[in-house]
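Everything on this sheet refers to the single structure shown next.
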Amino acid sequence: MTSHKLNKLKISTPGRVCLFGEHQDYLHLPIVACAISLRISVEGTRRNDMIINIRLPNISDEESFFIDRPIVYSKERDYLKSSFKVLLKKGFTFSTGFNCVIDGQIPINAGTSSSSALIVTWINFLTRMSDQSEILSDENLAHLAYEAEVLEFSEPGGMMDQYSTSIGGIIAIDFLPELNISRLNTELKSFVLGNSNQPKDTKYILSHVKNQILDVDRILKSIDPDFNLHSVKADDINNYNNYLNKSQNQILDGTIKNRDLTVTARKELAKVNPDHKIIGQLLTEHHIVLRDILEISTPKIEGMINAAIKAGAFGAKINGSGGGGCMFAYSPEEPERIKSAIQNADGEAFIILPDSGSRVEFQEEAK
């Protein structure tokens with residue numbers, strides 16, 4: 001049997017909030033995201049056989065599969081298996097299985113990238129524990145996670161979640177002319193994350209919004225081959241009104257407003273001493289577009305946001321694809337008061353900070 005460098009390993013990865021550019025990454029428009037101090041971990045040791053056994057105490061579940069047999073998905077979004085399958089395709093090999101425990105603080109199915117953080121953590125664990133004992137770069141880890149989560153299941157999502165959770169901190173992503181990740185060194189302060197505990201159909205919402213704007217893009221390109229969501233000016237989109245129906249004009253307007261808000265916010269965040277009140281104001285402006293134009297908010301989310309603003313938050317917005325899940329408030333001052341206000345609006349609240357990316361928490365070399 002192949003000798004191994006590690007016998008025991010624990011990896012953790014943060015969740016994330018999308019500061020600016022919600023519903024933009026799958027259009028390859030710029031985004032700004034922030035990793036948060038709620039994390040998920042995988043801790044595992046080697047077995048003497050070819051079985052991977054995984055305990056998931058947060059959801060009172062357990063999974064097992066043989067790694068010397070063909071990988072067959074047994075459920076929708078079978079991410080633990082898809083990650084393993086992607087690694088096999090990339091040439092990673094495994095001479096033993098593992099006993100693992102997955103433990104997390106990130107709200108599940110709530111827009112804070114719990115699934116992407118899980119996949120990033122799992123791939124980081126597997127590649128280090130593989131026969132190759134490979135330590136991946138943050139970017140390579142993110143791309144493998146994107147393959148396992150999005151490409152393997154033909155999902156409608158983009159790349160923001162995988163890169164944000166893998167790299168950590170505050171990042172800006174540009175997709176064109178080629179993928180470029182910029183690490184922003186902005187020292188943002190505390191946020192308060194509010195979970196509505198309203199389940200959301202992420203896949204449906206992403207597909208619904210994405211398909212609408214892609215239809216608009218296709219229609220306008222057939223009329224004007226030079227039309228481009230990246231370069232069209234806000235003042236010029238009225239020129240296309242007659243070619244689109246009311247809802248199509250609405251989603252085009254919202255997409256361009258979100259794009260331009262993201263550009264403005266990124267310039268502020270790039271400053272050595274950004275104005276925290278301006279950042280909060282831009283977050284709220286972004287939310288208004290998401291609420292009124294993309295229509296992805298809910299009455300409960302609105303109640304939580306209004307409570308946070310009234311309690312002194314600098315700004316707030318819904319987080320993720322929408323239709324439920326989480327909101328967050330930028331709260332550099334008195335975050336405990338804003339946390340209480342969100343709780344009084346019947347939300348589950350967490351004070352969070354920007355956090356580092358996927359990392360080793362503990363490792364033990366094989367004897």
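The figures that follow rest on heavy atoms only: side chains count, while hydrogens, waters and symmetry mates do not. Computed from a predicted model, the values in this text were never measured in an experiment.
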Residues that Asp174 engages under side chain to side chain contact (heavy atoms under 4.5 Å, CB included), provided they are two or more places apart: Pro30, Asn180, Arg266
Is Glu43 salt-bridged to Lys8, going by a charged N under 4.0 Å from an acidic O? yes
Go through the structure and list residues passing salt bridge (Lys or Arg N to Asp or Glu O under 4.0 Å) with Arg291, not counting sequence neighbours. Glu302
Go through the steps for Phe153 and Tyr79 under the test ring-ring contact (aromatic ring centres under 6.0 Å, His included), then give the verdict. CA-CA 9 Å; Phe153 298 105; Tyr79 294 142; 5.8 Å; yes
If only atom types and distance count, is the side chain of Thr165 paired as donor or acceptor with the main-chain N or O of Pro14 below 3.5 Å? no
What I want to find out is whether Lys189 reaches Glu334 closely enough, with some N-O distance under 4.0 Å, to be called a salt bridge. no
Test: Arg359 and Glu361 ion pair at under 4.0 Å: yes
Pairwise distance CZ(Phe362) to OG(Ser41) - rounded to 0.5 angstrom: 13.0 Å
Would you give me the side-chain donor-acceptor pairs under 3.5 Å for residues 63-73, sequence neighbours excluded?
unit_1	atom_1	unit_2	atom_2	d
Glu63	OE2	Lys75	NZ	2.5
Ser64	OG	Asn53	OD1	2.4
Tyr73	OH	Glu152	OE2	2.7

Tell me whether Glu268 contacts the main-chain N or O of Asp275 through its side chain, where contact means a donor paired with an acceptor under 3.5 Å. yes
Looking only at non-hydrogen atoms, find the nearest pair between Ser115 and Glu149 and report the distance. OG-OE2, 2.9 Å
Atom of Ser12, atom of Arg39 and distance for their closest heavy-atom approach: OG-NE, 2.8 Å
To the nearest 0.5 Å, what is the distance between OG1 on Thr13 and CD1 on Ile106? 7.5 Å
Output all residues satisfying salt bridge (Lys or Arg N to Asp or Glu O under 4.0 Å) with Lys277, sequence neighbours left out; order by chain, then residue number. none
So CZ of Phe350 and CD1 of Ile342: to nearest 0.5 Å the spacing works out to 10.5 Å
Can you tell me if Gln162 uses its side chain to pair, donor with acceptor, with the backbone of His143 under 3.5 Å? no
Is the backbone N or O of Val120 less than 3.5 Å from a side-chain atom of Asn124, with the two atoms forming a donor-acceptor pair by type? no
Once rounded to the nearest 0.5 Å, what's the spacing between atom CG of Leu283 and atom CD1 of Ile279? 8.0 Å
Just grab all the salt bridge (charged side-chain N to carboxylate O under 4.0 Å, His left out) pairs involving residues 304-327, residues at least two apart or on different chains. Glu22-Lys317
Within the distance-only criterion (no hydrogens, no angle test), does the side chain of Gln198 pair as donor or acceptor with the backbone N or O of Gly325 below 3.5 angstrom? no
Within the side chain of Ser164, is there an N or O that forms a donor-acceptor pair under 3.5 Å with the backbone of Asp161? no
If we ignore hydrogens and angles and just use 3.5 Å, is the side chain of Ser82 paired with the main-chain N or O of Ala148 as donor and acceptor? yes
Please find the pair of heavy atoms, one from Arg16 and one from Gly111, that lie closest to each other, and give the distance. NH1-O, 3.0 Å
Could you tabulate the donor-acceptor pairs under 3.5 Å formed by side-chain atoms of residues 232-242, not counting sequence neighbours?
unit_1	atom_1	unit_2	atom_2	d
Asn239	ND2	Asp236	O	3.3
Tyr240	OH	Asp224	OD2	2.9

For Leu193 and Pro107, the nearest pair of non-hydrogen atoms, with its separation, is CD2-CG, 4.2 Å
Same cluster or not: are Ile135 and Ile167 linked, directly or through other Ile, Leu, Val, Met, Phe, Trp or Tyr residues, by side-chain heavy atoms under 4.5 angstrom apart? no
To the closest 0.5 Å, what do you measure between CD (Gln24) and OG1 (Thr262)? 5.0 Å
Does some side-chain heavy atom of Leu252 sit less than 4.5 Å from a side-chain heavy atom of Leu229? yes
Heavy-atom donor-acceptor pair, Ser331 side chain to Ile338 backbone, under 3.5 Å: no
Criterion side-chain contact (heavy atoms from CB on, under 4.5 Å) against Glu147, the qualifying member of Val86, Ile123, Ile119, Leu87: Val86
Residue pair Ile36 / Asp355, side-chain heavy-atom distance below 4.5 Å: no
Under 3.5 Å donor-acceptor, Asp217 side chain and Ile213 backbone: no
Show every ring-ring contact (aromatic ring centres under 6.0 Å, His included) that has at least one partner inside residues 12-32, sequence neighbours left out. His23-Tyr26, His28-Phe175
Where Ile305 and Ala316 come nearest, the two heavy atoms and their spacing: CG2-CB, 3.9 Å
Should Leu56 and Ile54 count as side-chain neighbours, where that means a heavy-atom distance under 4.5 Å? yes
Of all heavy-atom pairs linking Ala270 and Thr186, the shortest is N-OG1, 4.4 Å
Does a salt bridge link Arg77 with Glu155, judged by any charged N lying under 4.0 Å from a carboxylate O? yes
Result for ring-ring contact (aromatic ring centres under 6.0 Å, His included) between Phe84 and one of Phe94, Trp122, Phe125 points to Phe94
Counting only N and O atoms by type, is there a donor-acceptor contact under 3.5 Å from the side chain of Gln132 to the main-chain atoms of Thr93? yes
I'd like to check the side chain to side chain contact (heavy atoms under 4.5 Å, CB included) partners of Asp215; sequence neighbours left out, ordered by chain and number. Arg218
Residue from Ile301, Asn258, Asn319 passing side-chain contact (heavy atoms from CB on, under 4.5 Å) with Leu290: Asn258
Taking only residues two or more places apart in sequence, or in another chain, which ones meet Leu118 in a side chain to side chain contact (heavy atoms under 4.5 Å, CB included)? Ile40, Leu80, Ile102
Hey, could you give me each pair passing ring-ring contact (aromatic ring centres under 6.0 Å, His included) that has a residue in residues 35-63? Not counting sequence neighbours. none
Across all chains, not counting sequence neighbours, the ring-ring contact (aromatic ring centres under 6.0 Å, His included) partners of His276 are Tyr330
Going by side chain to side chain contact (heavy atoms under 4.5 Å, CB included), name the residues that satisfy it together with Ile351, two or more places apart in sequence or in a different chain. Ser190, Val192, Pro335, Glu336, Lys339
